[in-house]
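Heavy-atom basis, side chains included; hydrogens, waters and symmetry copies ignored. Throughout, a chain's letter reflects where its sequence line sits, starting with A, and its residues are numbered from 1. This one's a predicted model, so the numbers in the text were calculated from it and none came from an experiment.
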Amino acid sequence: TVGAVAIDCEGNMACATSTGGLTNKMVGRVGDTACIGSGGYADNNVGAVSTTGHGESIMKVILARLILHYMEQGKSPEEAADAGLNYMKSRVEGTGGAIIVNSSGDWTAKFSTNQMSWAAVKDDQLHIGIYHGE
Amino acid sequence: MKPVIVVHGGAGKIVKELDETYRLGVKRAVLKGYDVLRQGGSALTAVEEAVIVMEDEPIFNAGHGSVLNEKGYIEMDAIIMDGKNLDSGAVSAVRNIANPIKLARLVMEKTDHMLLTCEGATLFAKAQGIPETPNDTLITERSRKRWMKNLKENSNPIADQIGLG
């Protein structure tokens with residue numbers, strides 16, 4: 001799965017997510033990616049999220065919208081991502097990751113799996129990571 | 001407002017030897033999207049362009065490089081959303097196109113619908129002039145080997161891939 005979130009010069013936000021799904025998946029199986037609120041969500045009033053991970057788990061908790069809900073309650077993107085991923089792990093034993101940007105331009109890339117490749121640019125500064133702590 | 005863009009290349013297992021390839025892939029994608037933003041382009045176009053880069057990069061599980069289903073062909077899903085007006089477009093189980101994210105944007109902009117699936121998505125792609133890309137040209141040797149390995153092991157692909165994107 002791949003994804004992107006962004007905020008532009010006018011303060012508009014967007015998200016995009018694309019995937020081939022699970023290896024050897026059942027014909028016709030559709031995961032979280034195409035489902036609004038699960039594979040991604042964007043609302044200028046809050047932020048934009050793109051997710052990745054175990055699709056069925058992400059769909060059960062509607063992960064992208066759940067993370068934005070936590071942000072609406074006042075959490076930072078990082079806190080909201082942790083809260084959403086922890087909820088998914090504790091409720092349905094699912095793991096995954098999310099990238100987020102909020103209306104102030106704060107961003108994060110968080111994951112409960114061992115790895116997630118990600119990159120970000122803010123203030124012309126490039127950041128890249130795969131493992132926890134990068 | 002200073003523009004910001006973030007991309008991911010999935011949370012699946014990354015083989016150490018391919019670590020650098022993944023880093024280069026996400027770097028190319030994020031710089032492509034940032035270039036759009038720096039020139040005053042919209043967030044919507046920036047995320048689409050960034051994802052197209054990764055769909056075209058065979059290391060990632062999307063577009064070219066997508067994994068195979070149990071029958072040995074590719075079915076892809078994609079979504080795009082505009083935070084300005086909550087418009088969104090998506091496709092699922094779509095076959096024989098290189099960039100599902102482009103089709104998702106067309107669903108958003110050219111139809112009254114949110115999601116087109118399977119044959120309907122394929123017909124819509126044709127109607128919009130998106131060229132057909134043969135399944136075989138989207139399949140990488142790596143994806144084919146993984147598919148065959150799973151078949152041989154007769155494993156449960158869902159249970160075995162918990163946590164993978």
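When the heavy atoms of residues 78-90 of chain B are compared with those of chain A, the residues falling under 4.5 Å are B:Ala78, B:Ile79, B:Ile80, B:Met81, B:Asp82, B:Gly83, B:Lys84, B:Leu86, B:Ser88, B:Ala90, listed by number.
Looking at A:Asp106, neither its backbone nor its side chain comes within 4.5 Å of chain B, counting heavy atoms on both sides. For A:Ser103, the part sitting under 4.5 Å from any heavy atom of chain B is the backbone (N, CA, C, O) and nothing else. Within the 4.5 angstrom heavy-atom criterion, only backbone atoms of A:Ile100 (N, CA, C, O) approach chain B. When heavy atoms are compared at a cutoff of 4.5 Å, A:Gln125 does not approach chain B at all. In this structure, no portion of A:Ser112 lies under 4.5 Å from any heavy atom of chain B.
Considering A:Thr1, A:Thr17, A:Thr33 in turn, A:Thr17 is the only one that fulfils the side-chain hydrogen bond (donor to acceptor under 3.5 Å, both in side chains) rule with A:Ser50.
Interface remark: of the candidates A:Ala48, A:Gly47, A:Gly28, A:Gly28 forms the most heavy-atom pairs closer than 4.5 Å to chain B. Contact tally against chain B (heavy-atom pairs below 4.5 Å) for A:Gly97, A:Gly129, A:Cys9: the top residue is A:Cys9.
Proximity of B:Asn61 to A:Thr19: side-chain heavy atoms (C-beta onward) are separated by under 4.5 Å at one or more points.
Salt-bridge annotation for B:Glu20 and B:Lys27: absent, with no side-chain N of the basic residue lying under 4.0 Å from a carboxylate O of the acidic one.
There is no side-chain donor-acceptor pair under 3.5 Å between A:Arg91 and A:Ser57.
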